[in-house]
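Presented below is the structure to which this report refers.
The chain is numbered in sequence order, starting from 1. In this text the structure is predicted, and so the values were computed from the model without any measurement.
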Amino acid sequence: YVKMQPLRPDPTFYPSPRSAMRAPPEELAYMVVLNPNSNGKGRPDALAVLDVNPNSSTYNQVVGRVEMGVGDEVHHFGWNACSAALCPYAPHPHVERRYLLVPGLKSSRIRVIDTKPDPTQPKIVKVIEPEQLHERTGYSRPHTFHCGPDGIYVSALGAPDGNGPGGIFVMDHDTFEPLGRWEVDRGPQQFAYDFWWHLGYDTMVTSEWGLPNMVEEGLNPEILLSSGYGHHLHVWDLRKRRHLQALDLGAEYQMVLELRPAHDPSKAYGFACVVVCTKDLSASIWLWYREENVANNGSGKWAIRKVIDIPAEPADADQLPPILKGFGAVPPLVTDINLSLDDKFLYVSCWGTGELRQYDVSDPFNPRHTGSVHLGGIVRKTSHPRSGPLNGAPQMVEVSRDGGRVYFSNSLYSTWDEQFYPDGIKGWVAKVDANPDGGLTVDPDFFIEFGDERPHQIRLQGGDSSSDSFCYPS
């Protein structure tokens, strides 16, 4: 007789957003770091481990590092598993939040990194080469990773030749092998970027940037001014893997990037950010929603409306980089958003103007601007209490599970960095404290400088506000 140990779920998996908010505070953060000036010879890209525990003797320091490849262009990354594994139909209840999957957006190489047994000393345990990815999925330039109930979902910007279509592929939870293309019927969808889902409605939503050949050499003004970048959201049947609806924001609303659905699976709405409007250089936030939530018509169709406008700021031409000199203004360039786990506060990073905004979205149709902090910016170059004038600006933003801390980095994408910050970006990471009733305060003690390296996405140990999806309402 052999006594079997019970298989218990990972303690960092939570059935509902409310239960996740009660989790202990994060002590470590993981961050990808790009080395843009390597030219095939310099220091490789890396995954850095940050100490974010204020009671630690190494607080506010890089305490670990694992090096990737030279010229990979690390960008976004994600956990292998999360709270979605607790869904009643999830086939992998035994998985644990242990591995980080880090793609090279330029190389299309995916590295699997083990954060155990010592979370400050992660190690590469598997590499998926681009040829295998291409053969299995038909895709290239892996971008966003989300841990689903039945596998690891990944968006890809395009095909190996840099053209389209872009889309989604799935990786096995256990072996990390690419299984294949997710879409059975893609309808009119060609561009890809972010994706998320409403598990309570068996619905996926995807967004649009552009094909690799449209973005890798920088923002193309001709494509932009001819409204050639993405301006749709796509709605899919998550189970049947079929396209249902294309929601057109309007051709002037260029580059629909980050998606943040309500965390509560009983709520059928979410927020999307638009980088720029070609008519006035403004940025905007859009709400997608199921129409029967508003008018009880039972149609079940999805709709979209603009709920936040952020205007461009006038500036003298001599303060602007060449790409903006003819416009006489700094666009906000909203490139990331994040939603607190209680679905109350939306955080908006304005990478052009150097501002992080907080909105109360308790009523998602009527957001209220409740706080702002300024750091960096094309013109402002606002200093941190521990720095001189800063370049770059709030870009990738991450929110702690309890909603009290907001972390952000300052680099977007190497070729785009050069266009908007031609003097060169010096990498940094900062944190603000969020008031539960609204309002933001820069933490004067937390500021990590990376020099010529450029930090991008941040993931918090044990989970954060953009890693997990939940199957049970709060």
Any side-chain donor near an acceptor of the partner, Gln358 and Tyr347, under 3.5 Å: yes
Short side-chain donor-acceptor distance under 3.5 Å, Ser467 and Arg459: yes
More than 12 heavy atoms of other groups within 6.0 Å of Asp452 CG: no
Side-chain donor/acceptor of Ser108 to backbone N/O of Arg141, under 3.5 Å: yes
Reference residue Phe195; test ring-ring contact (aromatic ring centres under 6.0 Å, His included); the match among His146, His76, His143: His146
Any residue meeting salt bridge (Lys or Arg N to Asp or Glu O under 4.0 Å) with Glu67, in chain and number order, not counting sequence neighbours: Arg43, Arg65
Asp248 side chain to His231 side chain, donor-acceptor N/O pair below 3.5 angstrom: yes
Cation-pi check, Arg239 onto Tyr89 ring (under 6.0 Å, within 45° of axis): yes
Heavy-atom donor-acceptor pair, Trp236 side chain to Trp197 backbone, under 3.5 Å: no
Exercise: do Glu26 and Tyr407 side chains pair donor with acceptor under 3.5 Å: yes
Within 6.0 angstrom of Lys106 NZ, more than 12 heavy atoms from elsewhere: no
Considering all heavy atoms, the nearest Val95-Phe13 contact: O-CE1, 3.3 Å
Modelled atom types, side-chain donor and acceptor of His234 and Trp302, under 3.5 Å: no
Trp428 vs Phe408 side-chain heavy atoms within contact, under 4.5 Å: yes
Neighbour count above 12 (heavy atom, 6.0 Å) for Glu177 CD: yes
Side chain Asp336, main chain Val397, donor-acceptor under 3.5 Å: yes
Thr206 and Gln189: side chain donor to acceptor below 3.5 Å: no
Side chain to side chain contact (heavy atoms under 4.5 Å, CB included) partner of Pro455, the single match among Val32, Ile448, Val429: Val429
Donor-acceptor contact present, side-chain Asp72 to main-chain Val74, <3.5 Å: no
Residues Asn338 and Glu398: side-chain donor-acceptor under 3.5 angstrom: yes
4.5 Å side-chain heavy-atom contact, Leu249 and Val274: yes
Near-ring test Tyr413/His75, centroid separation under 6.0 angstrom: yes
Step-by-step side chain to side chain donor-acceptor pair (under 3.5 Å) determination, Glu453 to Asn35: CA-CA 5 Å; Glu453 294 187 310; Asn35 276 282; 2.9 Å; yes
Trp79-Phe145 aromatic ring centre distance below 6.0 Å: no
Considering all heavy atoms, the nearest Asp264-Asp343 contact: N-OD2, 3.3 Å
Leu199 versus Cys87, closest heavy-atom pair with distance: CD1-SG, 3.8 Å
Side chain Trp209, main chain Ala192, donor-acceptor under 3.5 Å: no
Worked check of side-chain contact (heavy atoms from CB on, under 4.5 Å) between Ser465 and Leu339: CA-CA 7 Å; Ser465 290; Leu339 183 64; over 6 Å; no
Carboxylate-amine/guanidinium proximity below 4.0 Å for Asp237 and Arg242: no
Heavy-atom side-chain proximity of Arg181 to Phe169 below 4.5 angstrom: no
Under-4.0 Å salt bridge between Arg260 and Asp194: yes
Donor-acceptor contact present, side-chain His456 to main-chain Ser411, <3.5 Å: yes
Heavy-atom pair of closest approach, residues Leu460 and Ser400: CD1-CA, 3.7 Å
